[in-house]
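Taking it in order: structure first as structure tokens, then the write-up.
All figures in this text were calculated on a predicted structure; none of them were measured in a lab.
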Amino acid sequence: MKELTSFEGLHCANCGEPLQGEFCHHCGQSVHSVLKPMHHMVEETVETVLHIDSRILHTLPALFLKPGFLTLEYFAGRRVRYIAPFRLMFVLCLLVFFVLHLATTEFVSHTLGQYQSEVLHDGSKDFAHADSATAVRDRLDDQLNALNAVQIYGDSDMAAQAVQAKQRLREAANRRLAELHAPPLAVPSSAPKAADESARLKPIQPIRLGWLPDFANRRLTAMAQHVVDNLHLYKHGDAVSREAARQRMLNGIFGKLPGAMLVLVPIFALLLKLFYVFKRRLYMEHLIVALHSQAFLFLWLLLCILLTVFAHWLEPHALWTTWPLNWLGRILLLWAPVYLFLMQKRLYRQGWLMTWLKYWCIGWCYLLLLGLVLTMAAILGAAQ
């Protein structure tokens, strides 16, 4: 049991008011000092990190399963037991992009590794089915293009194996051409690569927009130069440069996405204000609706990602789970548009037909804005 402490006769160190509790009723300053022993600070930090706020248990199920419930509770003044809308949306936004970044990196690495392994497999036996010199050269070009992709996007070991595989393919193609009494292949040249490397050093033309100040034009030019350099290194650099460029662009894009989604929230609230202008609601009310809508979408996207990762991991160990998990994924995909429609109907209390028309228009406007915001985030991320 917490020991009762009397504050009679004590005064606030900030404003001098007599204290009646742990906090001053005049300025709000706490009576406790921030100068504490280190072990007390460690204890408070551990308690803060490990403490599970009961508001999470009240907020997340209601957010996902009850369309519009949290917004109506917020409007009715029952807010203490739920997480604040902005904090809820912001935390879910950071969490979903963090998980998406991890899942995307793992998926791309796994898929690319499988593709590279298939391409590096010796395909020289395929030339035996070629009945003409043209067929041999076409087959060789297809396999060389695939190996070029391995050299560009693979690691150093893969790139070295691709060079050896190219040599084996050319030798096999020459043997088949000799059997067909056709001239051998020409010796490959490395001149185009040297031209590409020299082109990388050439700076782009400075951007000059008359209606922008000089520092803004310089900033745009630097960003455009970074985009060109990153893309060029990703395509034509060595293994270390490619990996560094890929990581810079991925980290930059995923670093810009949370901020981009925050910009989208007030614009979405403005859309609601325009479509429901005769409802005489304050813009802040539409903003709360937008925050809860975005929070639901982030929670829904997080569950979709986790379900996909879980199904991909479980499939090799329990194949029978594929069918129920696929159906669960379909239900989850359908729940998002149904949820948002029911939320709009419940909050703005209009007829089904009018709600559907406005829902359709708002949805298309939102998708266009989302595409624009994501494109700008991708460009800014690639400019890192």
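Under a 3.5 Å cut-off, the side chain of K358 and the backbone N or O of Q350 do not form any donor-acceptor pair. At least one donor-acceptor pair under 3.5 Å links the side chain of Y359 to the backbone N or O of P337. Side chain of W300 to backbone of W335: no donor-acceptor contact under 3.5 angstrom is found. Checking side-chain atoms of E285 against main-chain N and O of L282 turns up a donor-acceptor pair under 3.5 Å.
Within 6.0 Å of the CZ atom in R349, the count of heavy atoms belonging to other residues, nucleotides or ligands does not exceed 12. Environment of OH in Y283: crowded, with over 12 heavy atoms of neighbouring residues, nucleotides or ligands closer than 6.0 Å.
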Checklist entry - Could you go step by step and tell me if Y339 and Q344 meet the side-chain hydrogen bond (donor to acceptor under 3.5 Å, both in side chains) rule? => result CA-CA 9 Å; Y339 178 100; Q344 187 173 327; over 6 Å; no
Checklist entry - For Y74 and Y82, what are the C-alpha separation, side-chain angles and deciding distance, and is it a ring-ring contact (aromatic ring centres under 6.0 Å, His included)? => result CA-CA 9 Å; Y74 197 88; Y82 306 110; 9.2 Å; no
Next on the checklist: For F69 and R346: C-alpha separation, side-chain torsions, deciding distance, then whether side-chain contact (heavy atoms from CB on, under 4.5 Å) applies.
Outcome noted: CA-CA 9 Å; F69 175 79; R346 186 175 185 182; 4.1 Å; yes
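Classified by interplanar angle (parallel below 30°, tilted 30° to 60°, perpendicular above 60°), the ring pair F341/W356 is perpendicular. The aromatic rings of F90 and F86 lie parallel to each other, their planes meeting at an angle below 30°, with 60° marking the opposite boundary.
In this structure, K279 fails the cation-pi test against Y348, since its NZ or CZ atom is not both closer than 6.0 Å to the six-membered ring centre and inside 45 degrees of the ring normal.
A chain of hydrophobic side-chain contacts below 4.5 Å, direct or via other Ile, Leu, Val, Met, Phe, Trp or Tyr residues, connects I305 to L332. Hydrophobic clustering (ILVMFWY, side-chain heavy atoms < 4.5 Å, transitive): L340 and L368 are in distinct clusters.
No side-chain heavy atom of L302 sits under 4.5 Å from any side-chain heavy atom of L100.
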